[in-house]
Amino acid sequence: MTTTALITGANKGIGHEVARLLSERGITAIVGARDEERGRAAAGRLGLPYVRIDVTDEASVAAAAKWIEAEYGSLDILVNNAGIAGGLDGGVPSAAGAQAFRDVYETNVFGVVTVTNAMLPLLRRSPAGRIVNMSSELGSISLALTPGSPFWGLNFAVYNSSKTALNMITVCYAKELMDTSIKVNAANPGYCATDLNGHTGFRTAEQGAAVAVRLATLDADGPTGAYLEDDGPIAW
Ligand code: NAP
């Protein structure tokens, strides 16, 4: 039986590496990308299928779900990876304004809900559905409140709170799906050099992808409703 995965924002960065690493495990990793040219180029490089999906566009998400259903009949793994930073530097709340929150939440929060709800009927047909939400250590309220931690000074209200919201959404889905075989977890990839941060990260995109791959391929004993990084759980 084919194991299928959809990775949003897989044309570059961490999502690209998640798709590549899942395909190395024999999984049919569908490269989801909003731009057809960039998406098809990445899928071609990886030898994987492509589907157009803009997580902020409900019609494109619905069309992607329809295409996956027609092509594969079900979906085993959903990696909600697509995300934007929204200009981290101007992120203190007084400088940001409500529109900056709306813009980032459209992708990082509402987009995840749109995609998850559209794919859930397909994931329910899988014997072991897995949903991985690409969070961030910047979404951890505990780390943000730890004086002396590197996160104390990274007071990016817009981006950070979008990932905090994503963490709670992860928990809510996990609880809703507790009685099913679907597991829902949040991954912290760490600070990786990608376009998102002008390649300032000290980890590679491949290193960042590893935890998502682990959560995407959890066995039946694995956690649900967890927030994990390479070394294990991260404080909420
Ligand atoms: P990236 O290289 O900028 O990649 C982001 C991906 O998301 C791109 O493929 C982008 O597509 C896609 N995307 C953005 N908006 C989209 C939309 N509306 N619909 C579909 N795709 C969309 O960034 P990255 O570092 O790999 O980030 C991947 C995820 O990891 C994000 O959720 C990010 O918040 C998270 N993360 C990253 C780091 C880090 O240090 N890099 C740390 C913690 C968490 P386009 O190419 O079309 O723009």
Side-chain angles (χ1 to χ4, degrees), residues 6-21 29-43 45-46 50-64 78-88 91 102-116 118-119 131-140 143-144 150-151 154 156 158-167 169-170 186-213 215-216 227-230 234:
L6 169 67
I7 304 97
T8 62
N11 54 294
K12 67 178 182 182
I14 297 168
H16 184 276
E17 292 306 289
V18 173
R20 186 176 66 76
L21 294 170
I30 304 162
V31 172
R34 59 180 164 179
D35 180 88
E36 181 137 11
E37 207 176 311
R38 292 195 289 272
R40 285 201 186 282
R45 273 196 306 278
L46 295 167
Y50 161 73
V51 70
R52 182 174 180 277
I53 183 164
D54 179 335
V55 305
T56 65
D57 173 0
E58 287 194 26
S60 104
V61 174
L78 169 63
V79 182
N80 285 308
N81 166 78
I84 57 172
L88 286 173
R102 280 187 205 105
D103 290 346
V104 170
Y105 278 46
E106 277 297 339
T107 303
N108 295 7
V109 183
F110 311 147
V112 172
V113 174
T114 302
V115 174
T116 303
M119 300 301 159
I131 300 172
V132 183
N133 292 333
M134 197 62 83
S135 184
S136 167
E137 55 218 340
L138 292 173
S140 164
L143 292 178
F151 304 101
L154 301 174
F156 309 132
V158 176
Y159 180 79
N160 296 7
S161 66
S162 76
K163 295 299 186 180
T164 309
L166 177 62
N167 286 349
I169 285 166
T170 303
N188 169 36
Y191 189 30
C192 306
T194 67
D195 286 352
L196 188 98
N197 50 35
H199 293 262
T200 52
F202 49 77
R203 283 160 65 82
T204 64
E206 178 174 6
Q207 287 171 322
V211 62
V213 170
L215 291 175
Y227 179 26
L228 292 167
E229 57 187 3
D230 284 348
I234 169 168

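Counting convention: from 1, in listed order, for ligands and their atoms alike.
Between R34 and ligand 1, a contact under 3.5 Å exists for at least one N or O pair. Residue Y191 has no N or O atom closer than 3.5 Å to an N or O atom of ligand 1. On a distance-only criterion, Y159 and ligand 1 share at least one N/O pair closer than 3.5 Å. Taking any N or O of I14, backbone or side chain, at least one lies under 3.5 Å from an N or O belonging to ligand 1. For the pair C192 and ligand 1, the shortest N or O to N or O distance falls below 3.5 Å. When only interatomic distances are considered, the shortest N/O to N/O separation between N188 and ligand 1 does not fall below 3.5 Å.
For atom 23 (O) of ligand 1, the closest non-hydrogen atom on the protein side is L196 CB, 3.4 Å. Looking only at protein heavy atoms, the nearest one to atom 22 (C) of ligand 1 is A82 CB, 3.5 Å. For atom 12 (C) of ligand 1, the nearest protein heavy atom (residue, atom name, distance) is G9 CA, 3.7 Å. The shortest contact between atom 1 (P) of ligand 1 and any protein heavy atom is with K12 CE, 3.8 Å. When only non-hydrogen protein atoms are considered, atom 42 (C) of ligand 1 lies nearest to G190 O, 3.1 Å. In this structure, the protein non-hydrogen atom closest to atom 44 (C) of ligand 1 is S135 O, 3.0 Å. G83 O, 3.7 Å is the protein heavy atom nearest to atom 5 (C) of ligand 1. For atom 43 (C) of ligand 1, the nearest non-hydrogen atom of the protein is P189 CG, 3.4 Å.
One distance of note links CD1 of I234 with CD of E229; it measures 4.5 Å at 0.5 Å rounding. Interatomic distance, N197 CG to Y159 OH, rounded to the nearest 0.5 Å: 8.5 Å. Residue N81 holds its CG atom at 11.0 Å from CD of E17, rounded to the nearest 0.5 Å. Taking CZ from F156 and OG from S162, the interatomic distance works out to 12.5 Å, rounded to the nearest 0.5 Å.
A donor atom on one side chain and an acceptor atom on the other are not found under 3.5 Å apart for N188 and S136. Between the side chains of S161 and Y105, at least one donor N or O sits under 3.5 Å from an acceptor N or O.
With I84, V112, N81 as candidates, the residue nearest to atom 28 (C) of ligand 1 on a non-hydrogen basis is N81. Of the listed options V104, I53, T8, N108, I53 places a heavy atom closest to atom 20 (C) of ligand 1. If you check each of V115, V55, T107, V79 against atom 19 (N) of ligand 1, the one with the closest non-hydrogen atom is V55.
Between R45 and N11, the closest heavy-atom pair is NH2-O, 3.5 Å. The minimum heavy-atom distance linking D54 with S60 is given by the pair N-OG, 2.7 Å. When all heavy atoms of N167 and A186 are compared, the pair lying nearest together is OD1-CB, 3.8 Å.
When each atom of ligand 1 is checked for a heavy atom of M134 under 4.0 Å away, the hits are 29 (C), 30 (O), 32 (O), 35 (C). Per-residue contacts place S136 under 4.0 angstrom from the following atoms of ligand 1 (heavy atoms of the residue considered): 43 (C), 44 (C). Residue contact check: N11 has heavy atoms under 4.0 Å from atoms 8 (C), 9 (O), 11 (O), 45 (P), 46 (O) of ligand 1. Ligand 1 places these atoms under 4.0 Å from at least one heavy atom of N197: 39 (C), 40 (O), 41 (N). In summary, the atoms of ligand 1 found under 4.0 Å from a heavy atom of T56, numbered by their order in the structure, are 18 (N).
In terms of modelled atom types and a separation under 3.5 Å, the side chain of R52 and the main chain of A33 share no donor-acceptor contact. The backbone N or O of S135 sits nowhere less than 3.5 Å from a side-chain atom of N133 that would complete a donor-acceptor pair. Judged purely by atom type and a 3.5 angstrom limit, K163 uses its side chain to pair as donor or acceptor with the backbone of M134.
If you look at R38 next to ligand 1, the close heavy atoms, those under 4.0 Å, all belong to the side chain. Contact annotation: for K163 versus ligand 1, heavy atoms closer than 4.0 Å belong to the side chain alone.
Only one option out of V79, V51, N80 pairs with L6 in a side-chain contact (heavy atoms from CB on, under 4.5 Å); it is V51.
For the pair V18/I14, a side-chain contact is recorded, criterion being any heavy-atom separation below 4.5 Å from C-beta on.
Residue contact check for ligand 1: E137 places no non-hydrogen atom closer than 4.0 Å to it.
By the neighbour-count criterion of 12 heavy atoms within 6.0 Å, atom CD of Q207 is densely surrounded, having more than that number from other residues, nucleotides or ligands.
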